[in-house]
Participant: 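Once you've had a glance at the structure underneath, I'll fire off some questions.
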Amino acid sequence: MRIITWNINSVRLRIAQLERVANELRPDIIALQETKASDSDFPLLACKALGYDYISFSGEKSYNGVAILSKIPFNDQFCLNLYNQDKRHIAIRINDLEIHNFYVPAGGDIPDPELNSKFKHKLEFLEQMNKWFLENRKTSDKLVLVGDLNIAPYEHDVWSSRQLRHVVSHTDIERKTMLKLIDQFGWVDCARQFVPFDQKLYSWWSYRNLNWQQSNRGRRLDHIWVSESLSLSCTAFQIAGETRAWQQPSDHVPVILDLDYPLKAEVEVLQNKK
DNA sequence: ATGGTTGGCGCCCAA
């Protein structure tokens with residue numbers, strides 16, 4: 001099973017790019033963030049036409065919004081309301097596998113919760129995420145958590161850890177909070193299972209730098225985590241950096257995980273053999 | 001220290 005996560009930055013504007021992602025990367029599941037469409041405006045038929053018959057979405061006008069497109073039928077879907085009625089989470093369950101898609105608040109410009117309510121909300125959102133999983137799930141459950149988490153936790157998740165020390169997304173408090181989430185629940189950061197910690201790894205390049213390719217000042221803001229029970233099922237990890245060079249791109253690129261999880265048809269075959 | 005761009009919307013806001 002191939003799962004990708006992508007902050008598409010307007011699903012309506014980038015349907016053609018979504019089609020390209022679907023055709024070139026061939027994911028079974030696509031988790032989108034920043035769809036920027038209310039549910040009545042979500043391009044459901046266009047997404048189904050790409051081969052994703054099972055779609056779950058939660059959006060609002062102009063801001064935020066998340067969706068999960070699946071080729072595999074799911075048994076259940078739900079949204080957590082972690083902060084402010086923002087549409088920042090959606091989850092689906094396929095048999096015993098649960099996939100959570102998050103869009104963590106970016107947090108504004110000033111990394112001080114006293115001076116900047118957006119930064120305060122970002123930290124609170126992360127604490128609420130952590131609390132929900134600690135209270136409602138176990139790392140022995142089969143869980144995948146993906147999304148734009150808006151934090152680059154490790155030194156080589158940014159182009160210059162020193163120069164971004166006080167920049168929102170790489171401040172000490174954010175990095176510490178993210179590592180606490182990973183440690184306390186027992187998440188596995190799939191990217192760093194496959195790519196050593198001393199190698200630079202980015203999933204986002206700012207629109208503000210038109211020379212982004214040359215200067216390569218990226219950050220790894222988009223993540224795929226799995227619970228410990230799935231860590232041995234991860235077979236490959238990639239970041240589709242090439243999409244950032246497409247015409248009128250999203251500032252984020254798709255992050256890809258291949259998981260050795262039996263698809264429904266395969267499960268049925270297995271059951272018939274018994 | 002500052003500015004740079006994009007998307008959605010509606011005369012700016014969030015990223």
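A note on names: the letters A, B, ... follow the listed sequences, proteins ahead of strands, and every chain is numbered from 1.
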Participant: Check the distance between B/dT2's P and A/His166's NE2 and give it to me in whole angstrom.
Facilitator: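 Atom-to-atom, A/His166 to B/dT2, this comes out as 16 Å.
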
Participant: Looking at every strand, decide which applies to A/Asn9 at a 4.0 Å heavy-atom threshold: base, sugar-phosphate, or nothing.
Facilitator: sugar-phosphate

Participant: Share the residues that join A/Phe119 in a hydrophobic cluster, the rule being Ile, Leu, Val, Met, Phe, Trp or Tyr side chains under 4.5 Å apart at the heavy-atom level.
Facilitator: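 A/Phe119 clusters with A/Leu123, A/Val168, A/Ile173.
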
Participant: C1' atom, B/dC11 versus B/dG7: distance in rounded Å?
Facilitator: 16 Å

Participant: Taking atom C1' in both B/dG10 and B/dA14, what distance in whole Å separates the two?
Facilitator: 15 Å

Participant: Does A/Asn130 use its side chain to pair, donor to acceptor, with the backbone of A/Glu127 at less than 3.5 Å?
Facilitator: no

Participant: Whole-Å distance between B/dG3 P and A/Arg217 CZ?
Facilitator: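 About 17 Å, once rounded to whole Å.
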
Participant: I'd like a list of close polar pairs between nucleotides 12-15 of chain B and the protein, N/O only, cut-off under 3.5 Å.
Facilitator:
{"from": "B/dA15", "atom 1": "N6", "to": "A/Arg208", "atom 2": "NH2", "distance (Å)": "2.4"}
{"from": "B/dA15", "atom 1": "N1", "to": "A/Arg208", "atom 2": "NH2", "distance (Å)": "3.0"}

Participant: Using atom CH2 of A/Trp204 as one end and atom P of B/dT6 as the other, report the distance to the nearest whole Å.
Facilitator: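 For the pair A/Trp204 CH2 and B/dT6 P, the rounded distance is 13 Å.
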
Participant: Looking at A/Arg14, does any N or O in its side chain come under 4.0 Å of the phosphate oxygens OP1/OP2 on B/dT6?
Facilitator: no

Participant: Transitive ILVMFWY cluster of A/Leu115 at side-chain heavy atoms under 4.5 Å: who else is in it?
Facilitator: A/Ile110

Participant: Taking the C1' atom of each, how far is B/dC12 from B/dA1, in whole Å?
Facilitator: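 After rounding to an integer number of Å, I get 25 Å for this pair.
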
Participant: Quick one: A/Ile110 CD1 to B/dT2 P, roughly how many Å, whole number?
Facilitator: 12 Å

Participant: Work out how far the C1' atom of B/dC9 is from that of B/dG3, and round it to whole angstrom.
Facilitator: 24 Å

Participant: Less than 6.0 angstrom separating the ring centers of A/Phe133 and A/Trp187, yes or no?
Facilitator: yes

Participant: Testing A/Asp96, A/Ile3, A/Asp28 one by one against A/Tyr261 for a side chain to side chain contact (heavy atoms under 4.5 Å, CB included), which residue passes?
Facilitator: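 Testing A/Tyr261 for a side chain to side chain contact (heavy atoms under 4.5 Å, CB included) against A/Asp96, A/Ile3, A/Asp28 leaves exactly one candidate, A/Asp96.
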
Participant: Please check this pair: side chain of A/Ser203 against backbone of A/Leu221, looking for a donor-acceptor N/O pair closer than 3.5 Å.
Facilitator: yes

